[in-house]
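The next block holds one structure in the form of structure tokens; read it before the comments.
Quick note: numbers below take in every heavy atom, side chains included, and nothing from hydrogens, waters or symmetry partners. Just so you know, ligand 1 is whichever comes first in the structure, and atom 1 is the first atom listed for that ligand.
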Amino acid sequence: MPSRPTPKKRVLSGMRSTGKLHLGNFVGALDNWVRMQDQYDCFFFIADWHALTTDYADTSLINENSVEVLLDWLAAGLDPERCTMFIQSHVPQHAELHLLFSMITPLGWLERVPTYKEQRENITEKDLGTYGFLGYPVLQAADILIYKGDFVPVGEDQVPHVELTREIARRFNMFYSGKRSSVFPEPQPLLTPAAKLPGTDGRKMSKSYGNTILLTDPEPVVRQKLKTMVTDPARIRRTDPGNPDVCPVGDLHKIFSDRETIAKVDVGCRSAGIGCIECKSWAADALVSILNPMQERRKKYEENPRLAWDILESGSARAGKVATATMSEVRDAMHMSLDYEAPGNAQAAK
Ligand code: TRP
Ligand code: SF4
């Protein structure tokens, strides 16, 4: 008999529906996801409910933003034949599991989450003193555990959320799994190697700093943004030598350029043999050569948005099947099954 291949481990990750993605999203996450598609059974979703935890007051753009994220995923090379892509709110079982988890999660666990404290202190322009914002990591735990994800590719800042997910899984299993094997496995974070991607102002590339290069920026825009990008501050005149290791443009080269170009930049910058304008045009060349094929791929879906929506529909159908199966196990474990259970049998079943 032919031996059956061992099932692939499952990967689950999400991205908030922030609208058009930038190079930082690509280098920090998306590029990694694209490479995981064949090795793992991947579920990637657009976390629109998570977006609501901070942007609840105006939802007029939420759907549009979700679709923009999907288009950028497809542009970057996520392939509906090789991974499952969907929108969180299209699989309402996430909310059901979130509710059950919220019953067993001690408040202290949530108040201790580092991103909670940070964001409460840093974001002052909206009221984040809401129930939903505090419960954000509980929703994330439901997102992960409903698919029994083995691995969760995330950045450093999200590791405490995966830790909390493990604690919630353990607590659920302790209360409800009885003598049966536990309902939830404990997922592991897969740390995305954090390439430091600077924005045009030299700070970390981030939508909130307004220093991004979008995956959809056309060539002239990319070149213009590069022109105004900050450089090694010690290199004031063309004749001053510089240091690519302290220059944000130097960082871009290290991530996107080939070895020869990196070497040429290193020598030329340190000896004042090249000017920043020339150096930046090489960096722009590298970016354009990465963005061009993405924008080409994106076009097909932009011209026919129905195609993109179909991908979401079949993605949520596939995700929904897994989520429904998990919820039925959860209901059984909690004696809240939809199936008739004869009175008095609950204890006997244990
Ligand atoms: N919290 C994540 C972020 O802000 C997004 C997210 C939501 C997520 N649910 C998830 C990531 C589940 C991984 C797994 O980036
Ligand atoms: Fe930066 Fe390039 Fe100018 Fe050197 S030559 S300071 S690496 S932009």
Closest approach of any protein heavy atom to [atom], naming residue and atom:
atom	value
atom 10 (C) of ligand 1	Gln140 CG, 3.4 Å
atom 3 (C) of ligand 1	Gln158 NE2, 3.4 Å
atom 9 (N) of ligand 1	Asp143 OD2, 2.8 Å
atom 1 (N) of ligand 1	Tyr136 OH, 2.8 Å
atom 3 (Fe) of ligand 2	Cys276 SG, 2.3 Å
atom 5 (S) of ligand 2	Arg235 NH1, 3.1 Å

Using a strict 4.0 Å threshold on nitrogen-to-oxygen distance, state whether [X] and [Y] make a salt bridge.
X	Y	answer
Asp72	Lys20	no
Asp245	Arg270	yes
Glu163	Arg112	no
Asp41	Arg10	yes
Arg223	Glu219	yes

Heavy-atom contacts with [X] under 4.0 Å: which atoms of ligand 2 show up? List them by number with element.
X	answer
Cys279	2 (Fe), 5 (S), 7 (S), 8 (S)
Cys269	4 (Fe), 5 (S), 6 (S), 7 (S)
Thr231	8 (S)
Asp232	6 (S)

May I ask you to check whether over 12 heavy atoms, not counting those of [X], lie within 6.0 Å of atom [atom1]?
X	atom1	answer
Lys8	NZ	yes
Leu307	CG	yes
Arg237	CZ	no

Practice item. Could you tell me which atoms of ligand 1, counted from 1 in the order shown, lie closer than 4.0 angstrom to a heavy atom of Val152? Key: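 Once the distances to Val152 are compared, the set is 13 (C), 14 (C).
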Exercise for review: State the atoms of ligand 1, each with its element, that fall below the 4.0 Å cut-off from a heavy-atom position in Ile144.
Suggested key: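 Listed by number with element: 12 (C), 14 (C).
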Review point. Do the ring centers of Tyr147 and Phe45 come within less than 6.0 Å of each other?
Key: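 Aromatic pair excluded; centres sit 6.0 Å or further apart.
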Exercise for review: May I ask which of Gly14, Ala29, Pro189, Ser13 has a heavy atom nearer to atom 6 (C) of ligand 1 than the others do?
Suggested key: Gly14
Point to revise | Structural part of Leu139 in contact with ligand 1, heavy atom criterion under 4.0 angstrom | key: neither
Practice item. Quick one: do Glu96 and Arg331 satisfy salt bridge (Lys or Arg N to Asp or Glu O under 4.0 Å)? Show the steps, please. Key: CA-CA 11 Å; Glu96 186 185 356; Arg331 283 174 166 273; 3.1 Å; yes
Check your understanding: Is Cys247 near ligand 2, meaning one of its heavy atoms is under 4.0 Å from it?
Key -> yes
